[in-house]
Amino acid sequence: MEENVMIDLSGIVKRFYIGKPNELEILHGIDLKVRAGEFVSIVGASGSGKTTLMNIIGILDRPTEGNYLLDGVDICKAKDSELSRIRNKKIGFVFQTYNLISRTSALKNVELPMLYAKVERKERISRAKELLKLVGMEERMSHNPDELSGGQKQRVAIARSVANNPSIILADEPTGALDSKTGRKIMDLFHKLNEEQGKTIVLITHSEELAAQTDRIITIKDGYITGEKNGKEGEEYADR
C-alpha cells in the first residue's frame, strides 16, 4: 500500500440479486485512493452509485468483487467482528437525515458511540460535552432532537460522528435538508475538523458548489468514476 493512503479501492464491483434474472450491477470496477488527511468529495446524480460506494467505503456493505484496503487492513478478508470494531473506531458517519435518537438529549446522542465502545461513563460525558462545545451546541445539550432546528441536529450528528475520535468521516449529503446559509456553516465545521484535527473526510453530494470547497472532486456516473479534478483550485487534472 502506498504511503499515506488511508482508503484504497481497486476493481470494486457491486452486484445485487446475484444469480437471479434481475441481477443488477451498480458499481463497475471502481479504483479510488484517498490519502490520510484529505478532504474529498464524490459527486454524482441520484442513481449514479455514490451511496453504494459510500456504503462500501464505510464497511456497511461488502463489494462483490475487488480489493479494499483501509489503513492497511484487507477489508474483504476480515471477519464481521473485526469489521464492526474497525467501523466503530475508525469511521464516523453523518447522514442527511441526522439519524439522531428521538426523546434522547443531544448529550446522550453524542455519548452513544462511546457507550458501544465501552468508554467509562465519566469520560463519556466529559467528551460529549467537549464535542458539543466544539460544534457550538453547548447551550442545547439537554434538548431532544425535536426541540432542535435542522442545522442544530446536524451539528449534534457531527459531534456524535467524532465521539470515538475516528480518522475518517463519511458524510452523505449532510447539507441536503438544510438551507444554503446553514449548509455553509455545516461545511465550515467539516473544514475545521479536517484542518485542525486532520480528519480524512469523504463528502458524498450532488452539489458541485459544495464539492468545489473540497481538495479533490471525484465524479461518478452510472457506476463508473468518470473524472477527477482539484476542488479548491478548480483545475481538471484527470479524465477517465
Side-chain angles (χ1 to χ4, degrees), residues 6-18 22-34 38-70 75-76 80 83-84 86-88 90-100 113 150 153-154 157-158 160-162 166-178 183 186-187 189-190 193-194 199-229 231 240:
M6 177 69 70
I7 294 164
D8 190 350
L9 302 173
S10 176
I12 296 292
V13 172
K14 182 60 185 179
R15 297 189 194 100
F16 294 94
Y17 322 118
I18 294 166
N22 58 341
E23 180 174 301
L24 186 63
E25 187 169 294
I26 303 292
L27 300 177
H28 318 291
I30 297 284
D31 297 328
L32 176 64
K33 288 179 170 62
V34 179
E38 203 175 2
F39 192 165
V40 172
S41 51
I42 297 175
V43 183
S46 182
S48 60
K50 62 186 188 295
T51 298
T52 302
L53 179 57
M54 192 204 82
N55 287 342
I56 287 171
I57 294 172
I59 329 177
L60 297 170
D61 203 357
R62 287 180 183 260
T64 311
E65 292 174 20
N67 297 303
Y68 178 17
L69 293 177
L70 177 64
I75 295 303
C76 298
D80 286 347
L83 294 183
S84 182
I86 292 169
R87 197 167 48 239
N88 197 31
K90 276 202 178 289
I91 304 171
F93 295 91
V94 181
F95 299 98
Q96 179 177 343
T97 51
Y98 323 122
N99 287 18
L100 297 176
K153 287 176 191 173
Q154 198 58 296
I158 291 169
R160 181 188 57 188
S161 78
V162 293
S167 41
I168 301 166
I169 298 173
L170 296 183
D172 190 5
E173 299 282 9
T175 65
L178 306 174
I186 294 302
M187 283 298 289
L189 270 178
F190 285 123
L193 290 167
N194 174 245
K199 303 294 183 194
T200 304
I201 301 178
V202 179
L203 172 74
I204 311 291
T205 184
H206 66 272
S207 167
E208 296 279 354
E209 188 183 345
L210 287 184
Q213 298 177 40
T214 66
D215 299 328
R216 186 160 54 111
I217 304 167
I218 313 291
T219 305
I220 185 168
K221 184 178 180 182
D222 300 329
Y224 295 94
I225 288 179
T226 57
E228 274 188 40
K229 60 184 177 182
R240 301 192 183 186

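As a basis for the values below, the full set of heavy atoms in this structure was taken, side chains included, without hydrogen atoms, waters or symmetry mates.
Across His28 and Tyr224, no two heavy atoms sit closer than the pair CD2-CE1, 3.2 Å. Closest non-hydrogen pair, Pro166 versus Ser161, comes out as CG-O, 3.2 Å. Contact record, Arg87 with Ile59: NH1-O, 2.5 Å, taken as the closest heavy-atom pair.
A distance-only check finds no donor-acceptor pair linking the side chain of Arg216 to the backbone of Glu38 [under 3.5 Å]. A donor-acceptor pair is defined here as one N or O able to donate and one able to accept, closer than 3.5 Å; such a pair exists between the side chain of Lys50 and the backbone of Gly44. Gln154 places a side-chain N or O within 3.5 Å of a backbone atom of Phe95 that can act as its donor or acceptor partner.
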Legend entry - Stepwise side-chain contact (heavy atoms from CB on, under 4.5 Å) test for Asp31 and Ile225: CA-CA 8 Å; Asp31 297 328; Ile225 288 179; over 6 Å; no
Legend entry - Test side-chain contact (heavy atoms from CB on, under 4.5 Å) applied to Val202 and Met54, step by step: CA-CA 9 Å; Val202 179; Met54 192 204 82; 5.9 Å; no
Inset, instruction - Starting from the C-alpha separation in whole Å, work towards a yes-or-no answer on side-chain contact (heavy atoms from CB on, under 4.5 Å) for Gln213 and Leu203. - result: CA-CA 10 Å; Gln213 298 177 40; Leu203 172 74; over 6 Å; no
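Once rounded to the nearest 0.5 Å, the distance linking CD1 of Ile12 with OH of Tyr68 reads 8.5 Å. Note that CG of Leu70 is 6.5 Å distant from CD1 of Ile86, once rounded to the nearest 0.5 Å. Ser41 contributes atom OG, which lies 9.0 Å from atom CD1 of Ile204 (distance to the nearest 0.5 angstrom). To the nearest 0.5 Å, the span separating CG on Leu193 from OG1 on Thr200 amounts to 11.5 Å.
For residues 9-18, every residue pair satisfying the salt bridge (charged side-chain N to carboxylate O under 4.0 Å, His left out) rule, not counting sequence neighbours, is listed here: Lys14-Asp61, Arg15-Glu23, Arg15-Glu25, Arg15-Glu65.
Ring-plane geometry between Phe39 and Phe190 is classed as perpendicular, the angle between the planes exceeding 60 degrees on a 0 to 90 degree scale with a lower cut at 30.
Residues satisfying the salt bridge (charged side-chain N to carboxylate O under 4.0 Å, His left out) criterion with Lys90, sequence neighbours excluded, are Asp71. Applying the ring-ring contact (aromatic ring centres under 6.0 Å, His included) test to His206 and every residue at least two apart in sequence or in another chain returns nothing.
When Ile220, Leu9, Val13 are each tested for a side-chain contact (heavy atoms from CB on, under 4.5 Å) with Leu27, only one passes: Ile220.
Looking at Leu69 and Asn67, their side chains never come closer than 4.5 Å, going by heavy atoms from C-beta outward. Counting only heavy atoms from C-beta outward, the side chains of Phe93 and Asp172 never approach each other to under 4.5 Å. Proximity of Leu32 to Ile42: side-chain heavy atoms (C-beta onward) are separated by under 4.5 Å at one or more points. No side-chain heavy atom of Val40 sits less than 4.5 Å from a side-chain heavy atom of Ile7.
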